[in-house]
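Data first, discussion second: the structure below is written as structure tokens.
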Amino acid sequence: MAVILRTEGLNKVYRLGSLTRNKQIRALHDVNLNIESDEPAIISVVGESGSGKTTLAKTLLRLVEPTSGRAIVYDKVVAGKGVRPNKREFLRSIQPIFQNPFEAFSRYRPVDAYLHETATRVAGLKGEEAYGAIETALASVGLEYADVRGKYSNQFSGGELQRVSIARALIPEPSLIIADEPVSMIDASRRMIIINLFLKLKLEAKRSFLYITHDLATAYYISDYVAVMNKGVIVEFGTAQSVMGNPQHDYTKLLLSSIPSTQKRWRPRVTPSSPSVVSA
Ligand SMILES: Nc1ncnc2c1ncn2[C@@H]1O[C@H](COP(=O)(O)OP(=O)(O)OP(=O)(O)O)[C@@H](O)[C@H]1O
């Protein structure tokens with residue numbers, strides 16, 4: 001069985017301030033995860049703001065060096081002290097999708113230039129092969145080359161541009177896509193298009209995803225596994241059904257209880273002085 005993702009004693013301490021007034025923030029605290037499977041998987045990392053989710057994503061993407069511990073993705077050590085994987089090989093196996101697609105593309109450069117760069121520099125393709133790979137990647141997110149050719153980022157909606165950034169990530173045919181809050185900047189009505197796209201890419205293109213989110217509802221909907229983070233610690237991990245259906249940790253219960261539910265009844269409460277409506 002392949003190790004899709006394993007972290008071994010992963011720690012990250014950010015140091016702030018001067019030598020005399022040093023402050024330390026422990027963003028990852030002994031994070032140990034292990035997901036092994038021959039099938040692709042969607043693994044969600046959920047938790048409140050500041051719980052360490054982005055630091056975990058950045059560590060796996062080699063944007064942040066862990067203070068100690070290491071991470072393995074698809075049987076290769078990708079992060080840890082002194083770990084230096086071949087850059088092109090690394091980018092072929094792990095690709096990011098960021099929260100704000102407008103920050104991922106400069107507004108002064110047509111977006112197809114980014115797609116071409118990824119096809120040639122990362123995937124190592126030339127000429128017709130490069131165009132073929134771009135067309136295939138765009139098709140898998142429901143776009144055609146003509147939809148993007150010569151266009152700049154400000155000529156797309158947030159949802160369209162996020163689909164372009166997913167297409168860019170798909171060009172090198174990565175094994176794992178790390179998506180950090182990929183739908184939080186997108187209109188609620190369009191979010192499910194992206195979420196369903198991840199499911200389709202897992203099933204049809206056999207890509208695995210690490211989905212970082214605040215949104216427990218979408219995490220439950222698409223995930224095979226869920227890791228719950230609080231203050232840098234993975235407090236609960238398991239299949240989506242077990243973690244969300246039968247949470248064991250108080251923090252997971254708290255997170256789940258804070259999801260707005262259409263099942264909750266709203267009861268009008270009228271006081272003599274000021275009529276108001278409160279949640280039941
Ligand atoms: N570059 C940095 N320097 C110092 N502290 C940082 C840095 N990046 C993150 N932190 C701190 O590390 C902790 C974890 O932050 P992180 O961004 O990983 O959390 P998060 O769960 O992704 O939050 P959010 O959901 O708001 O993005 C926070 O206390 C944050 O302030």
Side-chain angles (χ1 to χ4, degrees), residues 4-14 24-37 39-60 66 69 71 97 99 176-186 188-189 191-192 194-196 198-199 202 208-269 276-280:
I4 297 180
L5 172 65
R6 179 181 297 157
T7 61
E8 295 172 346
L10 209 56
N11 284 284
K12 177 65 192 175
V13 179
Y14 292 110
Q24 298 193 346
I25 296 172
R26 195 152 195 190
L28 296 180
H29 194 140
D30 213 13
V31 170
N32 293 292
L33 282 171
N34 189 29
I35 298 111
E36 293 181 35
S37 174
E39 291 301 317
I42 299 183
I43 306 141
S44 287
V45 181
V46 301
E48 288 172 315
S49 190
S51 55
K53 307 181 299 295
T54 295
T55 301
L56 176 61
K58 284 184 171 170
T59 306
L60 299 174
I97 299 168
Q99 181 175 24
L176 179 70
I177 294 176
I178 298 184
D180 190 355
E181 299 278 4
V183 292
S184 60
M185 307 283 290
I186 292 169
S189 62
R191 281 185 196 159
M192 286 316 287
I194 304 286
I195 295 299
N196 281 319
F198 289 170
L199 267 182
K202 182 192 92 163
S208 287
F209 287 84
L210 187 72
Y211 173 52
I212 309 274
T213 186
H214 287 102
D215 181 7
L216 275 73
T218 55
Y220 183 61
Y221 177 70
I222 58 167
S223 306
D224 299 292
Y225 303 95
V226 173
V228 182
M229 275 193 100
N230 182 25
K231 296 182 183 151
V233 176
I234 303 282
V235 295
E236 193 157 355
F237 173 76
T239 62
Q241 287 89 338
S242 64
V243 172
M244 315 284 260
N246 185 21
Q248 298 299 307
H249 197 280
D250 285 347
Y251 180 71
T252 314
K253 291 178 190 167
L254 185 72
L255 279 182
L256 286 165
S257 69
S258 61
I259 302 179
S261 166
T262 50
Q263 306 301 313
K264 270 189 195 158
R265 289 184 49 212
W266 287 68
R267 178 160 43 89
R269 184 189 293 164
S276 63
V277 177
V278 294
S279 162

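Numbering of residues begins at 1 and proceeds along the displayed sequence. In what follows, every heavy atom counts, from backbone to side chain, and hydrogens, waters and symmetry copies are set aside.
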*N11 side chain to G9 main-chain N or O, any donor-acceptor pair under 3.5 Å?*
yes
*Looking at side-chain heavy atoms only, is the closest gap between M229 and L28 below 4.5 Å?*
yes
_Main-chain N/O of Y225 paired with T239 side-chain donor or acceptor, under 3.5 Å_ = no
*Tell me yes or no: between the side chains of D180 and T54, is some donor less than 3.5 Å from an acceptor?*
yes
*Value rounded to 0.5 Å, distance of CG in L199 from CD1 in I222*: 6.0 Å
*asked:* Is there a side-chain contact between I4 and I43 in this structure, where contact means two heavy atoms from C-beta onward sitting under 4.5 Å apart?
replied: yes
*Under 3.5 Å, side chain of R26 to main-chain N/O of V13, donor-acceptor pair present?*
no
_Flag, side chain of N34 to backbone of N32, donor-acceptor distance under 3.5 Å_ = no
*Under 3.5 Å, is there a donor-acceptor pair linking the side chains of Y220 and Q241?*
no
_Heavy-atom pair with the smallest gap, counting every atom of I234 and A227_ = CD1-CB, 4.0 Å
*asked:* In the structure I gave you, are the side-chain heavy atoms of R6 and E8 within less than 4.5 Å of one another anywhere?
replied: yes
*V228 side chain reached by V226 side chain, heavy atoms, under 4.5 Å*: yes
*How close do G238 and V243 get, heavy atom to heavy atom, and via which atoms?*
N-CG2, 3.3 Å
*Answer yes if the side chains of Y14 and T55 hold a donor-acceptor pair under 3.5 Å, and no otherwise.*
yes
*Nearest heavy-atom neighbours spanning E48 and N230*: OE1-OD1, 4.5 Å
*Can you name the closest pair of heavy atoms from V31 and G232 and give their distance?*
CG2-O, 3.5 Å
_Ignoring hydrogens, what is the shortest heavy-atom contact between L33 and F237? Give both atom names and the distance._
CD2-CD1, 3.6 Å
Distance-only criterion, 3.5 Å: show the donor-acceptor pairs between side-chain atoms of residues 212-219 and protein atoms not counting sequence neighbours.
{"unit_1": "T213", "atom_1": "OG1", "unit_2": "D215", "atom_2": "N", "d": "2.8"}
{"unit_1": "H214", "atom_1": "ND1", "unit_2": "E181", "atom_2": "OE2", "d": "2.6"}
{"unit_1": "D215", "atom_1": "OD1", "unit_2": "A217", "atom_2": "N", "d": "3.1"}
{"unit_1": "D215", "atom_1": "OD2", "unit_2": "T218", "atom_2": "OG1", "d": "3.0"}
{"unit_1": "T218", "atom_1": "OG1", "unit_2": "Y211", "atom_2": "OH", "d": "2.7"}
{"unit_1": "T218", "atom_1": "OG1", "unit_2": "D215", "atom_2": "O", "d": "3.2"}

_N196 (side chain) donor-acceptor with M192 (main chain) under 3.5 angstrom_ = yes
_So, taking the atom named CD1 in I177 and the one named CZ in F209, what distance separates them when rounded to the nearest 0.5 Å?_
4.0 Å
*Hey, could you give me the CZ/OG distance between F198 and S223, rounded to the nearest 0.5 Å?*
11.0 Å
_Residue from V233, L256, V235 passing side-chain contact (heavy atoms from CB on, under 4.5 Å) with Y251_ = V235
_Filter on salt bridge (Lys or Arg N to Asp or Glu O under 4.0 Å), then keep only pairs touching residues 222-231, sequence neighbours left out; what's left?_
K202-D224
_Quick check: do L176 and I178 have side-chain heavy atoms less than 4.5 Å from each other?_
yes
*Which distance, rounded to the nearest 0.5 Å, do you find between the OG of S44 and the OH of Y221?*
13.0 Å
*Considering all heavy atoms of both residues, which atom of L210 and which atom of V45 are nearest to each other, and what is their separation?*
CD1-CG2, 3.9 Å
*asked:* Do K12 and L10 have side chains that approach each other closer than 4.5 Å (heavy atoms only, starting at C-beta)?
replied: no
